[in-house]
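For reference, the structure discussed in these notes is given below.
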2 protein chains.
Amino acid sequence: MTAAKHQVTRGTGRRTSGRAGIRDVAAAAGVSITTVSDALNGKGRLPDATRRHVRTVADRLGYRPSAAARTLRTGKSGLIGLTVTTYGEEPFTFTEFAYFAEMARAATSAALARGYALVILPAASQHREFDVWSNVALDGTVVIDPSDHDPVVTELVRQGIPVVSDGRPGGSLPVTAWVDNDHEAAVTGLLDHLAAGGARRIGLLTGTSTDTYTRLSTTAYLNWCERARQDPVYEAYPAHDPCASAVAADRLLARPDRPDAVYGLFDPNGTDLLAAARRYGLRVPDDLLVVCCSESGVYATTEPPITTLSLKPGRIGTAVIHLLIDAIEGAAGGGGKRQTAGSVPQAQGHQVMPTELIVRASSQRSPRASARTTVPAPARSPRPTVAVPRTPPAADQ
Amino acid sequence: MTAAKHQVTRGTGRRTSGRAGIRDVAAAAGVSITTVSDALNGKGRLPDATRRHVRTVADRLGYRPSAAARTLRTGKSGLIGLTVTTYGEEPFTFTEFAYFAEMARAATSAALARGYALVILPAASQHREFDVWSNVALDGTVVIDPSDHDPVVTELVRQGIPVVSDGRPGGSLPVTAWVDNDHEAAVTGLLDHLAAGGARRIGLLTGTSTDTYTRLSTTAYLNWCERARQDPVYEAYPAHDPCASAVAADRLLARPDRPDAVYGLFDPNGTDLLAAARRYGLRVPDDLLVVCCSESGVYATTEPPITTLSLKPGRIGTAVIHLLIDAIEGAAGGGGKRQTAGSVPQAQGHQVMPTELIVRASSQRSPRASARTTVPAPARSPRPTVAVPRTPPAADQ
DNA sequence: CGATCATGCAAAAACGTATCGGCGATCGGT
DNA sequence: ACCGATCGCCGATACGTTTTTGCATGATCG
């Protein structure tokens with residue numbers, strides 16, 4: 001009998017209580033631990049008979065491999081961090097809400113399809129919340145619009161963990177890769193659209209914070225104004241304050257040099273501009289053209305429907321995840337170069353995604369029409385307006 | 001010299017490459033592994049001098065403890081699963097969107113505050129996506145509106161992992177605890193409000209699916225109609241289809257027995273009802289009163305602003321998390337009874353949360369007014385609702 | 001002055017898996 | 001019938017912590 005041999009079994013032979021381990025399966029199946037592991041993972045060279053037998057026994061015992069042990073052994077956890085920027089106590093701001101939700105949804109889906117799961121973690125907030133970061137084993141991280149010198153990103157990269165950012169990183173943040181829209185092209189194309197619609201003085205509703213999105217969009221606006229020989233007319237407000245939008249919209253329309261068209265950088269600006277216009281007796285689009293950047297579907301049914309710029313967060317989320325997983329699996333399987341702690345790799349790649357201008361009644365004086373204009377990424381062309389008949393709401397993109 | 005002694009260091013003395021382990025810290029600090037662990041975790045009895053010294057050395061080496069190893073040893077991962085129901089390929093449906101986003105936001109925040117992180121996982125979809133579940137070590141799981149015989153929930157409970165559900169579980173699903181609104185009280189109160197506003201025939205926009213929310217709300221409506229001696233007037237549509245809402249709203253207003261007030265169970269119903277009313281030349285609120293269940297802020301700025309029923313997903317999210325973490329830490333620290341695999345504990349507690357009716361112009365004939373009515377939870381409960389005032393109100397709304 | 005005790009630290013045993021190397025047995029070829 | 005190759009399986013080790021046990025050393029007390 002092999003029984004005598006099995007006195008070797010580590011320390012006590014006692015039941016580990018509760019769940020069955022790989023040892024129990026091995027014992028019950030009358031094979032070794034190695035064989036069980038190989039059979040369940042499809043490795044090694046085993047006859048199908050043995051494989052099936054082991055699988056059957058494992059099922060009967062309700063065996064579930066310990067994720068922790070596997071992670072410890074293999075070094076891969078199958079987990080991807082998703083940082084949410086926090087304002088004050090609460091994660092993410094209201095203006096990012098719809099964008100973030102959609103982006104997270106797509107990212108979750110893409111990650112799951114490739115066998116990874118997302119874990120939500122707070123961005124740097126110099127509190128002691130950092131320890132939650134080191135309490136979870138991450139294969140990689142996606143960070144949304146990181147601040148210029150995000151300590152978390154720096155630390156992760158130092159540990160050799162791939163980091164992909166949504167939004168071109170400012171400063172010299174050493175992310176592995178990044179994905180972003182071509183904000184300048186988007187804003188330029190959108191302003192051209194408004195000008196073509198008869199706007200003589202286009203105003204801007206922008207934010208006071210200095211994130212990449214706000215910065216790029218604003219400078220694109222200023223540049224356009226300079227080219228168009230128009231004085232800039234804009235109001236900036238703290239975008240993270242859900243109430244400030246309405247006030248800012250009011251301020252903009254109260255100015256002596258009141259614009260006859262407005263672009264709002266943030267989600268709530270559309271409805272707030274509409275409400276403000278009503279207060280001032282301005283008709284949209286007759287007296288005021290309105291466009292805002294939003295992912296919300298409500299703008300299709302407002303009175304009038306409002307033209308929106310969609311950043312296509314779904315596409316961004318998917319792209320970010322694929323870039324990240326490629327980096328993760330490439331780094332592991334690539335073999336050759338071992339990632340030493342000191343060597344900080346510069347951005348290995350990036351991807352610029354197109355935006356989409358969803359044209360509705362609010363941005364054109366002529367009666368009703370509806371079209372979609374896609375600003376392609378690399379093409380710097382002012383406005384290759386491709387009118388497409390109203391598409392049904394696509395599943396993802 | 002202790003150098004000779006250190007030949008004992010496990011197997012090869014080679015650098016593990018890359019990151020520094022606890023051994024490296026011990027060697028560098030000239031102490032044992034035990035001392036390092038104790039110093040960093042604040043355990044054991046060490047003089048402050050040693051503690052500081054070890055911490056300094058650890059910082060200098062950039063030491064980060066391995067989460068995987070810690071999890072393997074302690075059995076706690078600090079991770080909480082958050083299941084998202086999937087429709088087809090994509091996680092969560094559009095109608096749950098705002099609710100889910102807000103609930104997840106609050107849950108994330110609450111979990112982080114107690115040192116846990118959330119990991120997003122797909123609900124059962126009989127595909128082989130289940131394996132991602134066993135690839136992550138979970139301390140507990142919150143599941144949103146589980147189906148009556150969710151296999152994932154059953155399996156998790158079998159493994160002794162606490163499961164708390166958002167939404168009262170149907171069937172005999174053995175969740176650890178659950179949180180839900182008092183949907184019947186909410187609907188009843190809301191219909192009373194509409195009747196008080198002058199409605200003679202109240203219609204309902206409901207869903208075709210059989211989840212708890214839809215079911216409870218619809219029967220509450222039917223019961224109310226019976227009590228009020230009013231014929232029910234409702235249209236049901238597949239709520240997961242983002243386009244179907246508008247069609248259903250149209251159908252409802254096209255009926256010969258057209259209602260003079262409508263309650264819509266899902267988020268987009270408000271704007272869609274408004275649009276449909278415009279098409280039929282009905283003025284809101286003069287010809288038609290409108291209320292819908294939504295968490296979206298846009299209804300404050302529509303024309304007219306629409307009265308909404310808020311389920312307060314933020315509160316639900318925090319309550320769910322606190323219930324779950326209490327269960328996790330109670331099960332561990334409670335000592336006494338060891339959770340054997342066979343014993344399936346019945347629901348250990350539940351919490352019924354109040355809803356909030358945000359009254360705006362769309363639901364009252366008399367000019368403008370704005371008020372908030374809170375339907376208290378235990379007030380109307382048909383069954384002896386044992387509301388457990390477990391956790392402190394927390395810094396959430 | 002000897003016994004007791006608190007103090008400061010270390011050795012070693014787990015936790016549950018993946019994987020490298022190897023060992024006997026069978027097989028095919030000459 | 002002998003020999004190398006292949007097949008089927010196993011033992012042992014490492015992954016990096018936490019925790020239990022226990023050994024010295026000096027201080028305190030009777």
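Residue numbers begin at 1 in each chain, while the letters A, B, ... track the order of the sequences. A quick note: this is a predicted structure, and the numbers were derived from the prediction, not measured.
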* Got a donor-acceptor pair under 3.5 Å from the side chain of B:T34 to the base of D:dT18? -> no

* Asked: What nucleotide among C:dA18, D:dT17, C:dA10 has an atom nearest to a side-chain atom of A:T74?
  -> C:dA18

* Asked: Taking OP1 and OP2 of D:dC9, is either one under 4.0 Å from a side-chain nitrogen or oxygen of A:S32?
  -> no

* Who are the side chain to side chain donor-acceptor pair (under 3.5 Å) partners of A:S147, not counting sequence neighbours? -> none

* With sequence neighbours excluded, tell me which residues meet side-chain contact (heavy atoms from CB on, under 4.5 Å) with A:A27. => none

* **Residue list, side-chain contact (heavy atoms from CB on, under 4.5 Å) with A:A111, at least two apart or on another chain** => A:Y116, A:L118, A:I321

* **Bracket notation of DNA chain C in which parentheses pair within the strand, [ ] cross earlier pairs, and | pairs with another strand (Watson-Crick or G-U, under 3.5 Å)** => ||||||||||||||||||||||||||||||

* By side chain to side chain donor-acceptor pair (under 3.5 Å), which residues pair with A:T83, not counting sequence neighbours? -> none

Distance-only donor-acceptor pairs under 3.5 Å for side chains of residues 54-63 of chain A, two or more places apart:
residue: A:R55; atom: NH2; partner: A:A39; partner atom: O; Å: 3.1
residue: A:T56; atom: OG1; partner: A:R52; partner atom: O; Å: 2.7

* Does the side chain of B:R70 come within less than 4.5 Å of B:K76's, by heavy atoms? -> no

* Asked: Considering residues at least two apart in sequence or located in another chain, which fulfil the side-chain contact (heavy atoms from CB on, under 4.5 Å) criterion with A:I33?
  -> A:I22, A:R23, A:A26

* Minimum-distance pair of heavy atoms, taken over all atoms of B:A69 and B:S66 -> N-OG, 3.0 Å

* Structure fact -> Out of C:dT19, C:dG16, D:dG16, minimum distance to the side chain of A:S37 belongs to C:dT19

* Grab the CD1-P distance between B:I33 and D:dG22 for me, whole Å please. => 20 Å

* Looking at DNA chain C, which of residues 52-62 of chain A put a heavy atom within less than 4.0 Å of it? -> none

* Under 4.0 angstrom between A:T35 side-chain N/O and D:dC10 OP1 or OP2 -> yes

* Between P of D:dT19 and CD1 of B:I22, the distance in whole Å -> 11 Å

* Structure fact -> B:R23 CZ to D:dC15 C1', in whole Å, measures 9 Å

* **Value in whole Å for how far the P atom of D:dT18 lies from CG of A:L72** => 12 Å

* Asked: Who passes side chain to side chain donor-acceptor pair (under 3.5 Å) against B:T74, sequence neighbours left out?
  -> none

* What's the CZ-P distance between A:R64 and C:dT17, to the nearest Å? -> 12 Å

* Find which nucleotide of DNA chain D each of A:D38 and A:R73 is nearest to by heavy atoms, and output the residue with the more 5' nucleotide. => A:D38

* Quick one, which residues of residues 39-51 of chain B touch DNA chain D with a heavy atom under 4.0 Å? -> B:N41, B:K43

* To do: Can you sort out the partners of B:D38 under side chain to side chain donor-acceptor pair (under 3.5 Å), two or more places apart, ordered by chain and number?
  => none

* Listed partners of A:S77 passing side-chain contact (heavy atoms from CB on, under 4.5 Å), at least two apart -> A:T71, A:L79, A:A137, A:D139

